[in-house]
Amino acid sequence: MASHFDPDVESAPSPQTGDLNALLSSRIVGQPTALEAIIPSIQLHVSGLAPEGRPVGVFLLLGPTGTGKTRTVEALADVIHGDAHRLLRIDCGEFQGDHEVAKLIGAPPGYIGHRESKPRLTQGSLAEVTSPSSDLALVLLDEIEKAAPSLIQLLLGILDRAKLRLGDGTEVDFSNTIIFLTSNLGAREMLEEIRPSMGFDTSQPRSPMELRERLERIGRQAVRKFFPPEFLNRVDAVVAYRPLDAASVVAICDLHVAELQRHVHSRLGDRSFDIEITPAARCYIIDKGASLEYGARELKRVVHRNLTQPLAALLANGAIPPGARVVVELGEHGDRLTFGVEEGVSPPPVRPTTVLAVDDNDDLRRWMERVLSGEGYQVLAAGSVEEAVRMAGRDPPDVAVLDSMLPDGDGVTLGADLAHDFPGIGIVVVSGMDLEEEDLVMCRKHGMRVLRKPFLARELLTAIRSIGIMVARAAGAGG
């Protein structure tokens with residue numbers, strides 16, 4: 001079918017356009033080298049040009065603890081699947097003995113416990129960490145240097161041919177996976193190398209590029225001493241995570257605080273309040289939660305213990321009225337945080353934007369409902385034109401996300417009808433193929449946006465926000 005392009009109905013930005021880099025950069029701080037290595041493999045998979053007969057990508061992530069190695073994989077899962085926990089994680093510390101590796105593939109027939117041992121690495125376990133928006137499974141083997149030699153041998157076949165034979169003879173296909181291996185190999189030497197740039201005396205200051213190259217050399221030397229050549233030859237990239245500098249730690253702290261603020265707004269609704277943290281209070285949190293040895297690993301716990309829990313106590317005691325501003329400051333003696341509550345005008349309750357999601361694919365519809373509900377939208381989910389019209393009649397939607405092919409009609413015609421019945425509604429048509437010319441004309445006529453399948457969670461949210469419905473409703477509320 002011929003491909004058409006029209007600026008008025010262009011699809012939502014895809015990973016090739018740089019959106020993936022922007023989304024990941026907002027979650028992974030201070031490690032641009034990791035993004036530069038990983039993103040091209042995802043783009044190859046999305047484009048359909050990934051090499052056959054091997055995993056989409058294999059990455060060995062090195063560096064000191066708390067620098068973001070595991071966080072990188074979680075952020076990638078969040079961007080691709082809308083859920084940071086949608087990944088298959090194997091803690092290699094659990095498989096330090098050769099006999100324990102049988103837990104991953106199951107005991108072969110004839111061995112005692114064959115029927116009772118359920119393998120961890122199955123086709124089903126890979127399918128469970130995919131989503132309707134992407135069939136790409138993320139596999140994380142944490143602290144790979146702790147694994148038994150037999151596990152390394154087991155990985156050779158997966159990394160080379162994307163195949164794994166289980167104990168019962170069943171074959172598992174890893175061709176739609178990205179495999180991440182994390183390791184602390186060389187971490188101590190990296191810390192010794194980085195200390196001068198963290199404030200220690202040095203007679204020969206080095207540029208960031210020189211330091212980066214030195215850390216990569218240290219990491220490569222460490223893995224070459226530990227892993228056999230045939231293993232390393234199957235790894236696409238060895239990425240050395242550098243210890244976080246002061247600016248990166250501050251940015252990570254701000255991310256945690258912003259996440260807390262979003263949590264307050266989303267959970268409390270019209271009872272929510274604003275949080276303001278003074279520079280001195282922020283420095284206190286950073287001093288408590290970050291260090292050269294442990295990176296930013298403790299920051300989240302420090303924010304929870306020193307901000308979330310005290311705010312929850314104040315809220316439970318009725319000390320924070322709706323619409324208030326809570327100012328967090330450093331105490332007089334510098335050993336604790338204080339909370340000042342400034343009363344504000346309680347905002348009027350605002351009904352969440354209502355999104356009508358119509359698709360006859362039950363899994364995709366439930367996934368859209370989960371993603372949109374998690375962002376605070378009120379979701380009406382329908383599987384047919386008839387059901388969608390009935391729901392819209394009862395509760396007029398602000399936005400409609402419509403599959404182009406439905407069992408009793410099509411999304412473009414349904415979108416035109418909704419645009420006629422509900423002036424001002426925003427409409428997104430999703431399709432797995434190029435629309436016909438007449439459908440594109442109808443989309444342009446009614447201002448409908450087109451989103452190509454498969455799409456990421458963030459692409460769906462971007463498409464909904466881009467149609468300007470929130471701006472229109474805010475203007476209406478203000479008037």
Side-chain angles (χ1 to χ4, degrees), residues 28 31 33-35 37-38 41 54-77 85 87-105 119-122 125-126 129 136-166 172 174-175 177-191 215-243 294-295 297:
I28 305 167
Q31 307 295 349
T33 305
L35 302 186
I38 295 168
S41 291
R54 72 180 308 274
V56 174
V58 180
F59 301 97
L60 177 56
L61 312 182
L62 305 176
T65 184
T67 52
K69 300 186 296 294
T70 302
R71 173 61 181 163
T72 296
V73 188
E74 293 174 344
L76 192 57
H85 302 290
L87 58 93
L88 180 57
R89 178 171 179 170
I90 304 295
D91 184 356
C92 294
E94 299 178 14
F95 305 96
Q96 299 186 43
D98 288 335
H99 65 283
E100 295 172 317
V101 177
K103 299 175 186 177
L104 294 176
I105 61 175
R120 295 268 300 274
L121 294 176
T122 66
S125 63
L126 292 179
V129 295
L136 184 63
L138 305 180
V139 180
L140 170 63
L141 289 97
D142 230 352
E143 297 186 301
I144 186 64
E145 74 275 9
K146 293 183 179 179
S150 58
L151 177 54
I152 303 298
Q153 293 298 317
L154 189 72
L155 281 173
L156 288 177
I158 299 176
L159 304 187
D160 187 34
R161 303 182 304 276
K163 300 293 183 182
L164 170 67
R165 190 170 296 279
L166 301 181
V172 183
F174 281 78
S175 58
T177 65
I178 295 184
I179 299 176
F180 295 92
L181 315 167
T182 70
S183 173
N184 292 324
L185 290 172
R188 185 178 299 278
E189 292 81 359
M190 290 182 187
L191 282 175
L215 294 178
E216 289 178 350
R217 283 198 298 271
I218 292 174
R220 292 183 183 279
Q221 290 171 0
V223 299
R224 284 171 181 163
K225 291 179 181 178
F226 189 87
F227 294 109
E230 61 270 23
F231 179 83
L232 292 178
N233 287 340
R234 291 165 170 82
V235 175
D236 292 319
V238 178
V239 183
Y241 280 56
R242 61 163 294 164
Y294 299 105
R297 183 176 293 277

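If you read the sequence from its start, that first residue is 1, and numbering goes on from there.
- Applying the salt bridge (Lys or Arg N to Asp or Glu O under 4.0 Å) criterion to R89, with sequence neighbours excluded, gives D142.
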Starting from the C-alpha separation in whole Å, work towards a yes-or-no answer on side-chain contact (heavy atoms from CB on, under 4.5 Å) for D236 and R54.
CA-CA 11 Å; D236 292 319; R54 72 180 308 274; 3.3 Å; yes
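- Contact check for L126 versus V139: side-chain heavy atoms found under the 4.5 Å cut-off.
- The CD1 atom of I178 lies 12.5 Å from the CG atom of L140; values are rounded to the nearest 0.5 Å.
- Proximity of I144 to I152: side-chain heavy atoms (C-beta onward) are separated by under 4.5 Å at one or more points.
- Scanning both residues, S175 and A162, for their nearest heavy atoms gives N-CB, 3.7 Å.
- Using a 4.5 Å cut-off on side-chain heavy atoms (C-beta onward), T177 and L138 make no contact.
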Listed pairs under 3.5 Å, donor-acceptor, residues 220-228 side chains, sequence neighbours left out:
none

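- Every ring-ring contact (aromatic ring centres under 6.0 Å, His included) that F180 has, sequence neighbours left out, goes to F59.
- No donor-acceptor pair closer than 3.5 Å links the side chain of D160 to the backbone N or O of L156.
- In this structure, S183 contributes its side chain and L62 its backbone to no donor-acceptor pair below 3.5 Å.
- Separation of atoms NZ (K103) and CD (E94) is listed at 6.5 Å; rounding is to 0.5 Å.
- Remark: F95 engages no residue in a ring-ring contact (aromatic ring centres under 6.0 Å, His included) (not counting sequence neighbours).
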Which donor-acceptor pairs under 3.5 Å do the side chains of residues 70-77 make with protein atoms, sequence neighbours left out?
residue, atom, partner, partner atom, Å
T72, OG1, G68, O, 2.7
T72, OG1, Y241, OH, 2.8

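- Interatomic distance, CG of L155 versus SG of C92, reported as 7.5 Å (0.5 Å rounding).
- You'll find the side chain of I158 stays beyond 4.5 Å of the side chain of K163, heavy atoms only.
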Go through it in stages, so that I can follow the logic: the residues are F231 and L159, the test is side-chain contact (heavy atoms from CB on, under 4.5 Å), and I'd like the CA-CA distance, side-chain angles, deciding distance and then a yes or no.
CA-CA 8 Å; F231 179 83; L159 304 187; 3.8 Å; yes
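- In this structure, the separation between CG on L104 and CG on L166 is 10.0 Å, given to the nearest 0.5 Å.
- Going from atom CD of E143 over to atom CG of D91 covers 6.5 Å, rounded to the nearest 0.5 Å.
- L232 CG to L60 CG: the interatomic distance, rounded to the nearest 0.5 Å, is 7.5 Å.
- Within the 4.5 Å cutoff, the side chain of I90 has heavy atoms near those of the R120 side chain.
- Side-chain contact between L164 and I105 is present, with at least one heavy-atom pair separated by less than 4.5 Å.
- Minimum heavy-atom separation, G57 to S41: CA-OG, 4.2 Å.
- Minimum interatomic distance between T122 and S125 (heavy atoms only, all atoms of both residues): O-OG, 2.7 Å.
- For V129, the side-chain contact (heavy atoms from CB on, under 4.5 Å) partners two or more places apart in sequence, or in a different chain, are R86, L88, A137.
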